[in-house]
Amino acid sequence: MLFALSLILSCQLAGELITRGAGLPVPGPVVGLALLLAVLTVRPSLIAAIRPTVAVILANLSLFFVPAGVGVVANLEILSNEWIAIIAVLVVSTVLAMLASVATFLAALRILEREAE
Amino acid sequence: MSVTPGLWSYLAAAPLTWLTVTLLAYLGASMVSRSLDHAPLANPVLVAVCVIAPILWLTGTGYDSYFEGAQFIHFLLGPATVALAVPLYDNLATIRRLAAPILLALVAGSAVAVVSAILLAQALGLPEPVILSLSPKSTTAPVALGVSEAVGGIPTLTAVLVILTGVIGAIVVTPMMNLLRIRDWRARGFAVGVAAHGIGTARAFAVNETAGAYAGVGMALNALLTSLIVPVFVYWLI
């Protein structure tokens, strides 16, 4: 567990240093994700050592989101004034995103299969 | 209340109190979610927030003093984001095999999610901080919070919007795909992973194993892409 945490936190720290150092508008942990992926690709043997800890972290992913979600109490004014428009945007945008994604996936798949024939 | 004032002021101010309340509320919410067979509206985050928020209101506790305790849990969002590299690594073979459909569907879904949210919010006259907070709504929570902060949104508002997006995606996906007669589980799962992150992915796993695996790939790839495209579209459109 200590090794897994050290590796994950090192990747995150490196990610923070890169994004802050270069002034990138990308979150540090996302660069950390890319770095860990690169490390695993170079040294696949590390995966077994970190897998148990990662499984525990990812199984409880929702929990880590609760403190930010409780931030709803800090935004009650915005939400109570604008909730209809906000819900409308979320529903329409989510449906459009799924339609765009599923249509593109199926179209590309069809072209691939036609080429394979 | 029979609790002495001294004891109560200790409880209300101690980080330990709010850390414990957060854990207990989440534990209870998970049990509720499990007993309702993981129905999207019984999402554990949603339920836990609905338990904690009234407690804060009733005790007159501000978000700042709550966060003193809850920050220890909040901190883990960063490492959790990094840890997403593992499921992504596990699925590299799948991604390579279907690289073209996956990458094209990722770009289409991710871009439509961001652009449609910004344009619709502008059309409905929402204030700019809300538009900025809406822009990363389709990506996984830890990434969305970071993106929101980076472009000048309100991270705590984004947190709520991300959860709602996941719940909406999870509720809509199955009836919508059935209505459209789309039977390819790979395409169905991938789309909901891109548009509705972890909550959509959990829903996909509950419906079909293959859909779940592809949803996970969609979610992880969109975590990377959203953080790259939101700053660009925000610069263009706002």
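Being a predicted model, the structure only gives us computed values, none of them experimental. The sequence lines fix the lettering, A, B, ..., with proteins before strands; numbering per chain opens at 1.
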Quick one: what part of [X] sits under 4.5 Å from any heavy atom of chain B, side chain, backbone, both or neither?
| X | value |
| --- | --- |
| A/Leu79 | side chain |
| A/Leu9 | side chain |
| A/Leu90 | both |
| A/Ala4 | neither |
| A/Ile47 | side chain |
| A/Val73 | side chain |
| A/Ile84 | neither |

Which atoms of [X] are under 4.5 Å from chain A, going by heavy atoms: the side chain, the backbone, both sets, or neither?
| X | result |
| --- | --- |
| B/Pro79 | both |
| B/Leu104 | both |
| B/Leu27 | neither |
| B/Val130 | side chain |
| B/Leu224 | both |
| B/Val230 | neither |
| B/Tyr66 | side chain |
| B/Val151 | neither |
| B/Leu76 | both |

Options [options], ranked by heavy-atom pairs under 4.5 Å with chain A, top entry:
| options | result |
| --- | --- |
| B/Thr22, B/Val115, B/Leu157 | B/Leu157 |
| B/Gly146, B/Ala70, B/Ser227, B/Pro231 | B/Ser227 |
| B/Thr140, B/Leu103, B/Leu145, B/Ile102 | B/Ile102 |
| B/Pro155, B/Ala150, B/Ala83, B/Pro142 | B/Ala83 |

TODO: Report, as yes or no, whether the 6.0 Å neighbourhood of atom CD on B/Glu149 holds more than 12 heavy atoms from other residues, nucleotides or ligands.
DONE: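 Check fails, neighbour count at 12 or below.
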Between atom [atom1] of [X] and atom [atom2] of [Y], what is the distance when rounded to the nearest 0.5 Å?
| X | Y | atom1 | atom2 | value |
| --- | --- | --- | --- | --- |
| A/Leu37 | B/Leu84 | CG | CG | 11.0 Å |
| B/Tyr26 | A/Phe64 | OH | CZ | 8.5 Å |
| A/Ile57 | B/Leu77 | CD1 | CG | 11.5 Å |
| B/Arg186 | A/Leu106 | CZ | CG | 9.0 Å |
| B/Tyr89 | A/Leu33 | OH | CG | 14.5 Å |
| B/Leu23 | A/Leu63 | CG | CG | 6.0 Å |

TODO: Mind ranking A/Gly32, A/Gly69, A/Ala107 by heavy-atom pairs under 4.5 Å with chain B and telling me who comes out on top?
DONE: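 If we count pairs closer than 4.5 Å to chain B, A/Gly69 comes out on top.
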Open item on the list: Let's go through B/Ile73 and A/Val66 carefully: what are the C-alpha distance in whole Å and the side-chain angles of both, what is the deciding distance for side-chain contact (heavy atoms from CB on, under 4.5 Å) to 0.1 Å, and is it a yes or a no?
Closed with: CA-CA 8 Å; B/Ile73 295 173; A/Val66 172; 5.9 Å; no
Task: Carboxylate-amine/guanidinium contact B/Asp90 A/Arg51, below 4.0 Å - done: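 Between A/Arg51 and B/Asp90 there is a salt bridge, with a charged N closer than 4.0 Å to a carboxylate O.
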Determine whether [X] and [Y] make a side-chain contact, defined as any pair of heavy atoms from C-beta on separated by less than 4.5 Å.
| X | Y | value |
| --- | --- | --- |
| A/Ile78 | B/Ile154 | yes |
| B/Val194 | A/Met98 | no |
| B/Val143 | A/Pro29 | no |
| A/Val95 | B/Val172 | yes |

Task: Aromatic ring pairing A/Phe105/B/Tyr214, orientation class (parallel under 30°, perpendicular over 60°, tilted between) - done: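 Perpendicular, since the angle between the ring planes exceeds 60°.
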Open item on the list: Quick one, B/Leu124 with A/Glu82, criterion side-chain contact (heavy atoms from CB on, under 4.5 Å). Give me CA distance, side-chain angles, the key distance, then yes/no.
Closed with: CA-CA 10 Å; B/Leu124 292 173; A/Glu82 312 278 6; over 6 Å; no
- [ ] State whether the side chain of A/Ser93 and the backbone N or O of B/Ala113 hold a donor-acceptor pair below 3.5 Å, judged by distance alone.
- [x]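 Pair found, side chain donor or acceptor close to backbone of B/Ala113.
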Open item on the list: Give me the atom names and distance for the closest heavy-atom approach of B/Ala53 to A/Val72.
Closed with: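 Result for this residue pair: CB-CG1, 4.5 Å.
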Open item on the list: For a quick test of reading the model, state the closest non-hydrogen atom pair linking A/Pro67 to B/Tyr63 and the distance between them.
Closed with: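 Closest heavy-atom pair between A/Pro67 and B/Tyr63: O-OH, 2.7 Å.
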- [ ] Show your working on side-chain contact (heavy atoms from CB on, under 4.5 Å) between A/Asn75 and B/Val160 and close with a plain yes or no.
- [x] CA-CA 9 Å; A/Asn75 297 292; B/Val160 181; 5.5 Å; no
TODO: Using the side-chain contact (heavy atoms from CB on, under 4.5 Å) rule, take B/Leu98 and A/Leu112 through it: C-alpha gap first, then chi angles, then the decisive distance, then the call.
DONE: CA-CA 9 Å; B/Leu98 285 176; A/Leu112 264 188; 4.2 Å; yes
